[in-house]
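Quick caveat, the model's predicted, so the values are computed rather than measured. Hydrogens, waters and symmetry mates play no part in the numbers below; they use all other heavy atoms, side chains included. In what follows, chains are A, B, ... by sequence order, proteins preceding strands, each numbered from 1.
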2 protein chains.
Amino acid sequence: MVTLAEVARHAGVSASTVSYVLSGKRSISLATRQRVEESIRRLGYHPHAGARALASSRSNIIALMVPLRTDMYVPVMMEIAIAVTTTARTHGYDVLLLTGEEGPDAVRRVTGSGLAEAMILMDVELDDERLPLLRATDQPSVLIGLPAETDGLTCVDLDFEATGALCVEHLAALGHRDIAVIGEAPAVYERHTGFAERTLLGLRDRSRRLGLGLLHRPCAGGYDALALTLARIFDERPGTTGFVVQNESAVEPLLALLRQQGRAVPEDVSVVAVCPEQVALHASVRLTSVAVPAQEMGRHAVEQLVAKLGGRGSDEVVLLAPELTVRASSGPVPARP
Amino acid sequence: MVTLAEVARHAGVSASTVSYVLSGKRSISLATRQRVEESIRRLGYHPHAGARALASSRSNIIALMVPLRTDMYVPVMMEIAIAVTTTARTHGYDVLLLTGEEGPDAVRRVTGSGLAEAMILMDVELDDERLPLLRATDQPSVLIGLPAETDGLTCVDLDFEATGALCVEHLAALGHRDIAVIGEAPAVYERHTGFAERTLLGLRDRSRRLGLGLLHRPCAGGYDALALTLARIFDERPGTTGFVVQNESAVEPLLALLRQQGRAVPEDVSVVAVCPEQVALHASVRLTSVAVPAQEMGRHAVEQLVAKLGGRGSDEVVLLAPELTVRASSGPVPARP
DNA sequence: ATGAAAGCGCTAACAC
DNA sequence: GTGTTAGCGCTTTCAT
């Protein structure tokens, strides 16, 4: 292994000079710098990460904690993870991947060992058990998601409440009076995942204000579950003409079943989805949707974190404004027969 | 920060004793061990990762390089990544996430800096540009996927050639004589991704031996692309009764379009998919499929890697045997009208 | 069964 | 603008 000392010897300078050439923390004459850089190249030198971390107490690593459940909103998670990783690299950081499995212990371990300097948590629950630890430590962290209590925390998320409101508004503007919401699996609500509950809040609130009927049904996704859910909805509210779906694995089944029942989209019923852009575009009917801006969330989270690590940046809740894109799945409510 | 020295003082022992209690590398009297463990707990001690890495030249980190493209076989990738991470933890390793973006440089950086002790590469191309580096370094690595030349490499993958053969055999046994293959996007083949080409090889080989007609069409996925592809297939081979799909985002469109054209599955046409279990189960028709064993691949890769790190383990290509599960999408070929 | 001490490779004062 | 040097916290001989 090539060490800094060897580079120094090879370039005929002291160790500190090499170190400073690398860090740029003090001015070096052009000549020396070039000599050192040449030696570095020639010897194929790479600074030892551990030694660096030890001497500087900075590991240049941030931890990313992803949910263990691989059955839900997977594409979003993956997209965020990748956005986090590439953005982190542009700031000189590497990303350590942690699964939710270890729970709060992972936070302790990573925090305590100096392995990571900071962390990003995904899939935050309203009353997340990791939050006390985050508040207790002085390690910077950013949540992707919004817990119930955000004091002393930095959060980035889509404004799901506004998202819900936006969906209702769109349907209302088209004349729909009875709206059904097909939500995430019951388990998601039971875990009090923030985004699901907040969307619901926005949906309810806005439909109440606009005097619309709103029926919310969690749904596990897949054809069988959805068939059941859909039957119940039309049973209970036969006049339903508008749907809001927030569940990737329910989107296609919904469209297929509606078609199968002879309800045309968007002539007879309108569908608005909350999902990644890709899902909306690839569905059998191009979906009017509010996109979950996964990349932007990941990027934003890293930038907040880096700001904090640099002493800038504050505890702040950033809610990205939802944007509804009208496509082929929503239209005016049909005239009463 | 609590250091090992402080623990030693608190427990009234030497630093080395504490270290050995932690590593178990030499026998410690029960009394001392308990005293030390108690001190560790009381002081909330966590060994400093960097110091450890420096002193032992072992970082306890393995790198996982995932493809940058977030548009393809995402659930599989995510499942593998999570399996890798959790399995690694059971062996005391953490996982550093790298995206393909940096390319071969990432290998150099991580290898050279001692940041990671070993690496796992996903999405390996037949002639991957990272391979020369892997062969040159003495860092252990495992590929998930199979390049053209596996000399000196350790690889884990589903046996896609056998997978292709298995699909054809299943359809042949049901009496199908004309089979169409709906493959991954053209780009996947252009990149010479191993799994796609090897599946094709298996499909072609077996159908030739069995005297079946086989038509292969790459497809970008989504409804529009698939509609086009499907039209061409029936145009060229009107007698097609069997389909093999290897493209998650083509599965549902295929089923929908067939239905729409009045071709019943499995009465008129049979469909066999190569996809994650979940996709097969959640489709509108429960799909006869060969599952891509993502979890097993991830787990296996880590175990191979850990074996190599421990001096055991050899360069070996492990091809997991495909298993075809018969569900509701395949049946006997219809009688000629 | 335990201790003492020499590094591991780097950073960051402190000198000049 | 550059060199000298004292650690950073841990592992691991070498002693006893």
With nearest nucleotide decided by heavy atoms, which residue, B:Gly12 or B:Ala55, maps closer to the 5′ end of DNA chain C?
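The answer here is B:Gly12.
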
Please collect all salt bridge (Lys or Arg N to Asp or Glu O under 4.0 Å) contacts where either partner lies in residues 148-157 of chain A, sequence neighbours excluded, each pair once.
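Residue pairs with at least one partner in residues 148-157 of chain A: A:Asp157-A:Arg198.
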
Which residue pairs pass the salt bridge (Lys or Arg N to Asp or Glu O under 4.0 Å) test with at least one member in residues 17-34 of chain A, sequence neighbours excluded?
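Counting only pairs at least two positions apart or across chains, no salt bridge (Lys or Arg N to Asp or Glu O under 4.0 Å) contact touches residues 17-34 of chain A.
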
Round to the nearest Å and state the distance from [X] atom [atom1] to [N] atom [atom2].
X	N	atom1	atom2	result
A:Leu4	D:dG3	CG	P	12 Å
B:Arg9	D:dG9	CZ	P	12 Å
B:Met1	D:dG9	CE	C1'	8 Å

Please report how far the helix from C:dA1-D:dT16 to C:dC16-D:dG1 bends, comparing the axis fitted to its first five pairs with the axis fitted to its last five, to the nearest 10 degrees.
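Helix axis angle between the two ends: 30°.
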
Holding to side chain to side chain contact (heavy atoms under 4.5 Å, CB included), I want the full list of residues that pass it with A:Pro276, two or more places apart in sequence or in another chain.
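If we apply the side chain to side chain contact (heavy atoms under 4.5 Å, CB included) test to A:Pro276, skipping adjacent residues, the hits are A:Val76, A:Glu248, A:Val279.
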
Could you work out, with side chain to side chain contact (heavy atoms under 4.5 Å, CB included) as the rule, every residue matching A:Thr87, not counting sequence neighbours?
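Per chain and number, A:Thr87 pairs via side chain to side chain contact (heavy atoms under 4.5 Å, CB included) with A:Thr90, A:His91, A:Arg299, A:Val302, A:Glu303.
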
Mind checking what makes side chain to side chain donor-acceptor pair (under 3.5 Å) contact with [X], not counting sequence neighbours?
X	value
A:Thr17	A:Ser14
A:Thr99	none
B:Arg42	B:Glu38
B:His192	B:Glu197

DNA chain C contacts made by residues 15-37 of chain B, counting heavy atoms under 4.0 Å
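Those residues whose heavy atoms fall under 4.0 Å from DNA chain C, taken from residues 15-37 of chain B in numerical order, are B:Ser16, B:Thr17, B:Arg26, B:Ser27, B:Ile28, B:Ser29, B:Thr32.
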
Show me, pair by pair, the donor-acceptor contacts under 3.5 angstrom made by side chains of residues 107-118 of chain A, not counting sequence neighbours?
residue  : atom : partner  : partner atom : Å
A:Arg108 : NH1  : A:Asp105 : OD1          : 2.7
A:Arg109 : NE   : A:Glu102 : OE2          : 3.0
A:Arg109 : NH1  : B:Asp94  : OD2          : 2.6
A:Arg109 : NH2  : A:Glu102 : OE1          : 3.1
A:Arg109 : NH2  : B:Asp94  : OD1          : 3.0
A:Thr111 : OG1  : A:Val107 : O            : 2.8
A:Ser113 : OG   : A:Arg109 : O            : 2.9
A:Ser113 : OG   : A:Leu115 : N            : 3.2
A:Glu117 : OE1  : A:Arg58  : NH1          : 2.8
A:Glu117 : OE2  : A:Arg58  : NH1          : 3.4
A:Glu117 : OE2  : A:Ser59  : N            : 3.1
A:Glu117 : OE2  : A:Asn60  : N            : 2.4

Covered region of DNA chain C, 5' end to 3' end, by chain B [heavy atoms, under 4.0 Å]:
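The contacted stretch runs from C:dA1 to C:dG9.
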
Sidechain N-carboxylate O distance under 4.0 Å for A:Asp123, A:Arg191
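Yes, A:Asp123 and A:Arg191 are salt-bridged.
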
